[in-house]
2 protein chains.
Amino acid sequence: MGVTRTDIFSTEQNALADLAKAMGHPARIAILEYLLKSDTCICGDLVDVLPLSQPTVSQHLKVLKSVGLIKGCVEGTRVSYCIDREKWLAVRNQMNAFFDL
Amino acid sequence: MGVTRTDIFSTEQNALADLAKAMGHPARIAILEYLLKSDTCICGDLVDVLPLSQPTVSQHLKVLKSVGLIKGCVEGTRVSYCIDREKWLAVRNQMNAFFDL
DNA sequence: TTGTTTTATCGTAATATTGCAATATAGCAA
DNA sequence: TTGCTATATTGCAATATTACGATAAAACAA
């Protein structure tokens with residue numbers, strides 16, 4: 001019915017699935033790659049770099065933020081996003097653990 | 001419009017996103033975990049193990065097979081699925097490379 | 001104050017996903 | 001052949017996702 005049965009799975013299974021889902025769009029992969037490269041954590045540039053509209057980029061950023069992979073730092077009128085390094089390492093370990101099962 | 005703009009991203013970005021997307025459902029995580037544990041690569045049991053209908057399980061298996069994470073081995077009326085170990089290692093490396101960027 | 005810039009949100013249309021009942025298909029047994 | 005078992009496919013309804021134009025909100029400049 002278009003709705004995922006999260007209730008019948010473990011917290012860990014849902015968490016891993018949510019992370020994977022957030023990474024399950026090429027635009028979000030591109031955004032993560034861009035943020036990984038630029039430690040300066042620029043945001044508005046993403047709209048220039050990606051051939052997507054500003055609302056669409058904003059939407060993708062929201063998805064990535066919702067799972068904690070990135071953080072938004074407000075700086076005046078601008079919001080500069082950056083990788084949440086702590087979460088990033090945690091997710092890396094989570095992925096490693098899964099693929100080493 | 002519900003349709004992902006794959007054309008504006010690289011093959012690598014789309015490939016990684018497709019893999020993540022396939023992993024982006026708790027039922028598919030559960031299926032992968034089950035197949036990782038049972039080297040005997042049973043299939044029909046998945047329908048008993050998971051509180052999902054047979055068509056739904058079959059659908060999830062199809063998604064995992066489409067990205068190559070699992071293989072289906074026909075054995076009479078039964079089809080026993082198993083992890084594609086070669087692909088599994090490749091994906092693990094792909095993920096590692098991404099998270100080590 | 002009024003403008004400008006930047007980002008977020010709203011509203012909407014098109015498409016995708018999820019889940020299941022019903023049915024089809026394939027292999028085997030009798 | 002018929003019947004049984006196991007899996008795949010079809011069809012459908014409900015919901016989710018994607019994308020973008022329009023607009024709102026927030027901070028700053030003049």
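Lettering of chains follows the sequences in order, A, B, ..., and the numbering in each one begins at 1.
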Contact summary for B/Met95 and A/Met95, nearest pair of heavy atoms: SD-SD, 4.3 Å
Interatomic distance where CZ belongs to B/Arg5 and C1' belongs to C/dA13 [whole Å]: 16 Å
Proximity to the side chain of A/Ser53 - top-ranked nucleotide from C/dT9, C/dG19, D/dC20: D/dC20
Parallel, tilted or perpendicular: ring planes of B/His25 versus A/Phe9, cut at 30 and 60 degrees: perpendicular
Distance-only donor-acceptor test, B/Gln54 side-chain atoms vs D/dA8 base atoms, 3.5 Å: yes
Shortest non-hydrogen contact from A/Phe98 toward A/Leu16: CD1-CD2, 3.5 Å
B/Gln59 CD - D/dG11 P separation (whole Å): 15 Å
A/Val3 side chain, from C-beta outward: closest of D/dA19, C/dT18, D/dA16: D/dA16
Sugar-phosphate only, base, or nothing, as touched by A/Thr4 at under 4.0 Å among non-hydrogen atoms: sugar-phosphate
Between C1' of C/dT15 and CG of B/Asp7, the distance in whole Å: 15 Å
B/Lys21, nearest nucleotide to its side chain (from D/dT18, D/dA8, C/dT17): C/dT17
A/Arg78 side chain near D/dA26 phosphate (N/O to OP1/OP2, under 4.0 Å): no
Sugar-phosphate only, base, or nothing, as touched by A/Lys65 at under 4.0 Å among non-hydrogen atoms: nothing
Sugar-phosphate only, base, or nothing, as touched by A/Leu61 at under 4.0 Å among non-hydrogen atoms: nothing
Residue met sooner reading DNA chain D from 5', once A/Arg28 and A/Pro55 are mapped to nucleotides: A/Arg28
B/Leu52 side-chain proximity, nearest of C/dA8, D/dC20, C/dC20: C/dC20
Same apolar cluster: A/Ile70 and B/Leu101, side chain cutoff 4.5 Å: yes
A/Thr77, nearest nucleotide to its side chain (from D/dA27, D/dT5, C/dT7): D/dA27
Closest to side chain of A/Val79, choosing from D/dT9, C/dC20, C/dA8: C/dA8
Whole-Å gap separating P (C/dG19) and CD1 (A/Ile8): 7 Å
Lys/Arg N to Asp/Glu carboxylate O, A/Lys65 vs A/Asp84, below 4.0 Å: no
d(NE2, B/His25; P, C/dA16) in whole Å: 18 Å
